[in-house]
Amino acid sequence: MARLAQTAGLTDVQQEILSTVRDFVDKEIIPVATELEHRDEYPQAIVDGLKELGLFGLMIPEEYGGLGESLLTYALCVEEIARGWMSVSGIINTHFIVAYMLKQHGTQEQKDHFLPRMAAGDIRGAFSMSEPGLGSDVSAITSKAVKDGDEYVLNGQKMWLTNGGTSSLVAVLVRSDEGHPEGTAPHKSMTTFLIEKKPGFGEVRPGLTIPGKIEKMGYKGVDTTELIMDGLRVPADRVLGGVTGRGFYQMMDGVEVGRVNVAARGCGVAQRAFELGVQYAQQRHTFGKPIAQHQAIQFKLAEMATKVEAAHAMMVNAARKKDSGERNDLEAGMAKYLASEYCKEVVEDAFRIHGGYGFSKEYEIERLYREAPMLLIGEGTAEIQKMIIGRRLLEEYRFQG
C-alpha cells in the first residue's frame, strides 16, 4: 500500500482532479505553509492558484460556469488541501457553503446573479450564524431584521466569520419576526440574508463593519472576524429564496456540507501528521537504531494509521450519502465527530514521536499541533455532534412497546 486513505470507485475525472490538487499541494502549499502561518499572512498566491485550477467552482453547476462536481469530489479535494495547510481549506469551505445554499435554496435571479461570479472566484463567500453570547445555541440568535418598505433593516453582532474580511458576499442568519406571530418557535422565525460588501476591514458598506482579524492560537492566515450590523439596509430580493422564516433550515442544510468538509479537513491534517511521524521515526536514532524499530513507536504508527483510515472511510460515506439526495445529518455528525477527535490524537502522537523537536517552530508538526483543536469546535462541538447522533439513533431505533 503506497498511501493511506484511498477511495474506491472514483471516476477517471475525479482521479484526475485529485491528482492535480495533490500535485499543487505538494509543490505550492507545503513548502510555504509554515512560514506563512507563522507570519499570519493571507496566502494570496495559493488562493490565486486555486482560482486558476477552477476549484472555487468545483461544486457549482456547469450552467453557471462551474465544474458541477459532487460533494465527494469536493471533500476529497479538501482533504488534500488540508494535508498541505488547513487554513487554505477553510478559505474555500465557507465559499462553498454559501454557493451550495444558493444552488439549493436561492431564487433563479439570485443564482444567475451570484453563482457565475462565485464559480470564477470573483466573488468569495462567507456565512454567519454564531454571535458573541450564544455559541452553539442557534435558537438564541438576537440579531434582527425589520421590514421597512422594500428593504429590511438589520441590527446585531455576529461572531467567528471565516473569510469575514476577504469575502464579498456573506450569508447572515438573523431573526425576522415579520409574518411570524409571537410564540412562533425560534427556528421558524429566522431568515438568511445575502449581504454584498467590499473586501476589507472597517466600514465595508453603510451600516456594516468588519472590525478586524481575531487573533487565534492556530488556523492562521485565513481571516476570522466579527460582523457588526447597525442600521444595515438590505433589499428584500436579497432574502435567500425570497421568503422569510426559512433561514434556519437553509443554514442547517449548508452546515451538513460544512460538517463533511470539517471531517475532510481532519482527515487531511491527520494524514500529514502521520506522514511526518513515520518519516521522522525512520530518521531519528536512539539506542543504536531508528526509533521506528522500537516496538512502542510501531504501536503508535499502527494506531495512527488505523485512525486515518477509519476517519477517511466515514467521511467518504457521509459525502456519498449527501450526494445521493438522502438525509445525512447522522453520517455527517459521526464523520465530523470521529475525524476531528482522531485528528487530535494522531497529531499528538506524531508530536510525541518528534520528542523535543516537536516543540520547535522549525518542525511542521508544531503548526499542526496548534491547528488540530479548531476542528474540535468548528461546525459544532463534539457535544453537539453527539446530540445529533443520539437523537437520530432514537428515531431509527424507536422502541415499539
Side-chain angles (χ1 to χ4, degrees), residues 16-60 65-67 69 73-99 116-126 161-170 197-201 204 210 212-225 261 264-265 268-269 271-273 275-276 361-368 370-371 374 378:
E16 183 177 349
I17 291 172
L18 286 175
S19 177
T20 300
V21 172
R22 188 176 300 124
D23 287 345
F24 182 84
V25 168
D26 288 338
K27 295 175 182 176
E28 306 296 335
I29 298 183
I30 289 177
V32 300
T34 296
E35 181 182 353
L36 291 175
E37 197 271 349
H38 286 166
R39 295 203 303 258
D40 198 8
E41 181 177 327
Y42 186 79
Q44 188 60 58
I46 293 172
V47 172
D48 290 342
L50 294 176
K51 181 178 176 180
E52 290 181 14
L53 291 178
L55 284 192
F56 282 99
L58 189 63
M59 277 181 63
I60 295 175
L67 298 179
E69 273 296 329
T73 307
Y74 168 63
L76 295 175
C77 288
V78 166
E79 184 178 39
E80 290 293 343
I81 293 169
R83 176 181 151 265
W85 184 13
M86 192 184 73
S87 293
V88 179
S89 64
I91 291 170
I92 62 173
N93 175 44
T94 50
H95 176 84
F96 265 105
I97 289 178
V98 178
R117 289 185 291 163
M118 293 187 79
D122 296 331
I123 287 182
R124 307 281 171 78
L161 277 77
T162 300
N163 287 346
T166 50
S167 61
S168 45
L169 174 66
V170 185
K197 69 176 186 66
K198 66 180 181 181
F201 300 97
V204 291
I210 306 293
K213 293 198 299 184
I214 298 169
E215 296 295 328
K216 299 164 294 187
M217 175 178 72
Y219 198 39
K220 295 178 180 290
V222 60
D223 47 297
T224 305
T225 74
N261 171 281
R265 283 196 254 179
V269 173
Q271 283 185 49
R272 184 59 181 164
E275 291 170 2
L276 294 172
K361 287 193 173 185
E362 295 181 18
Y363 283 75
E364 189 178 340
I365 191 63
E366 179 270 343
R367 169 171 61 83
L368 270 59
R370 289 183 290 102
E371 289 179 337
M374 198 285 291

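Throughout, numbering of the chain's residues begins at 1 and tracks the sequence. Note that the coordinates shown come from a computational prediction; the quantities given were computed from them, not determined experimentally.
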Q: Should Glu41 and Val32 count as side-chain neighbours, where that means a heavy-atom distance under 4.5 Å?
A: no
Q: Do Asp223 and Ile210 have side chains that approach each other closer than 4.5 Å (heavy atoms only, starting at C-beta)?
A: no
Q: Salt bridge check: are Arg22 and Glu80 linked by an N-O gap of less than 4.0 Å?
A: yes
Q: Between Phe56 and His95, how do the two ring planes meet: parallel, tilted or perpendicular, split at 30° and 60°?
A: perpendicular
Q: What closest approach, in Å, do Ile91 and Pro43 show between heavy atoms, and which atom pair accounts for it?
A: CD1-CG, 3.9 Å
Q: Quick one: does Thr166's side chain get under 4.5 Å of Val47's, heavy atoms only?
A: no
Q: Against Cys77, only a single residue in Val21, Val25, Ile92, Leu53 fulfils side chain to side chain contact (heavy atoms under 4.5 Å, CB included); can you say which?
A: Val21
Q: Do Phe96 and Val78 touch side chain to side chain, with heavy atoms closer than 4.5 Å?
A: no
Q: Identify the residue among Arg370, Arg367, Lys220 that makes a salt bridge (charged side-chain N to carboxylate O under 4.0 Å, His left out) with Glu37.
A: Arg370
Q: Do the side chains of Leu67 and Thr73 get nearer than 4.5 Å, heavy atoms only?
A: no
Q: Going by heavy atoms in the side chains, are Glu69 and Tyr74 under 4.5 Å from each other?
A: no
Q: May I ask you to decide whether Asp122 forms a salt bridge with Lys51, counting only side-chain N to carboxylate O separations under 4.0 Å?
A: yes
Q: Mind checking whether Thr34 and Tyr363 have side chains closer than 4.5 Å, heavy atoms only?
A: no
Q: Quick check: are there more than 12 heavy atoms from other residues, nucleotides or ligands sitting under 6.0 Å from NZ of Lys216?
A: yes
Q: If you take all heavy atoms of Gly84 and Ala33, which pair is closest and at what distance?
A: O-CB, 3.7 Å
Q: Show your working on salt bridge (Lys or Arg N to Asp or Glu O under 4.0 Å) between Arg83 and Glu79 and close with a plain yes or no.
A: CA-CA 6 Å; Arg83 176 181 151 265; Glu79 184 178 39; over 6 Å; no
Q: Would you say Ile30 and Arg272 make side-chain contact, with heavy atoms under 4.5 Å?
A: yes
